[in-house]
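Here is the structure we will look at.
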Amino acid sequence: MNQPLTLSIDQVAAVLGVARSTIYESIRRGDFPLPVIRIGARRVVSMAALAQLLGVEMTEVVPLEAA
């Protein structure tokens with residue numbers, strides 16, 4: 001598998017078309033619609049959860065290198 005299973009907050013912001021500060025604020029308020037995985041100081045989001053939120057199949061998600 002060449003595609004990562006998680007995305008950084010910056011990557012999620014790019015996919016959703018919002019500023020990363022908007023996502024961090026939503027996480028802080030507790031109303032971000034996706035589970036956020038915290039690994040040390042880093043936060044990531046599951047690619048599968050994002051695809052489900054957007055209503056697309058994982059096979060439809062373009063690898064980040066091709067985007």
Side-chain angles (χ1 to χ4, degrees):
M1 173 180 289
N2 294 335
Q3 192 166 340
L5 297 177
T6 61
L7 297 172
S8 70
I9 298 301
D10 287 339
Q11 292 169 320
V12 173
V15 169
L16 295 177
V18 300
R20 64 180 263 194
S21 60
T22 301
I23 292 181
Y24 279 114
E25 180 63 22
S26 181
I27 292 169
R28 187 191 64 75
R29 285 192 314 260
D31 62 6
F32 189 64
L34 296 167
V36 176
I37 302 163
R38 188 171 185 151
I39 303 169
R42 185 178 160 111
R43 292 182 174 123
V44 295
V45 173
S46 160
M47 176 87 78
L50 180 60
Q52 183 178 10
L53 176 74
L54 297 176
V56 298
E57 296 291 325
M58 284 290 293
T59 56
E60 297 177 49
V61 177
V62 178
L64 296 174
E65 296 79 39

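Quantities reported herein were computed from a predicted structural model and do not represent experimental measurements. Any value given below was found using the heavy atoms of this structure, including those in side chains, with hydrogens, waters and symmetry copies removed. Position 1 is the first residue of the sequence; numbering continues from there.
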**Partners passing side chain to side chain donor-acceptor pair (under 3.5 Å) against S46 (at least two apart in sequence or in another chain)** = none

**Request:** Would you kindly confirm whether L7 and V18 end up in one hydrophobic cluster when ILVMFWY residues are joined by side chain heavy atoms under 4.5 Å apart?
**Result:**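 Yes; V18 is reachable from L7 via cluster members.
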
**Message:** Let me check something: do L50 and I37 share a hydrophobic cluster, defined by ILVMFWY side-chain heavy atoms less than 4.5 Å apart, either directly or through other members?
**Reply:** no

**Close side-chain approach of I9 and V44, heavy atoms under 4.5 Å** = no

**Prompt:** Should I23 and V45 count as side-chain neighbours, where that means a heavy-atom distance under 4.5 Å?
**Reply:** no

**Asked** Roughly how far apart are L53 CG and L34 CG, rounded to 0.5 Å?
**Response**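 The distance works out to 5.0 Å.
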
**Item:** Q11 side, atom CD; L16 side, atom CG - distance, nearest 0.5 Å
**Value:** 12.0 Å

**Item:** side-chain contact (heavy atoms from CB on, under 4.5 Å) partners of A19, counting only residues at least two apart
**Value:** S21, T22

Keeping to residues at least two apart or across chains, list the salt bridge (Lys or Arg N to Asp or Glu O under 4.0 Å) pairs with something in [range].
| range | value |
| --- | --- |
| residues 8-18 | D10-R20 |
| residues 47-56 | none |
| residues 23-41 | E25-R28, E25-R29, R29-D31 |
| residues 39-51 | none |

**Request:** Apply side-chain contact (heavy atoms from CB on, under 4.5 Å) to V36 and Y24, showing your working.
**Result:** CA-CA 10 Å; V36 176; Y24 279 114; over 6 Å; no

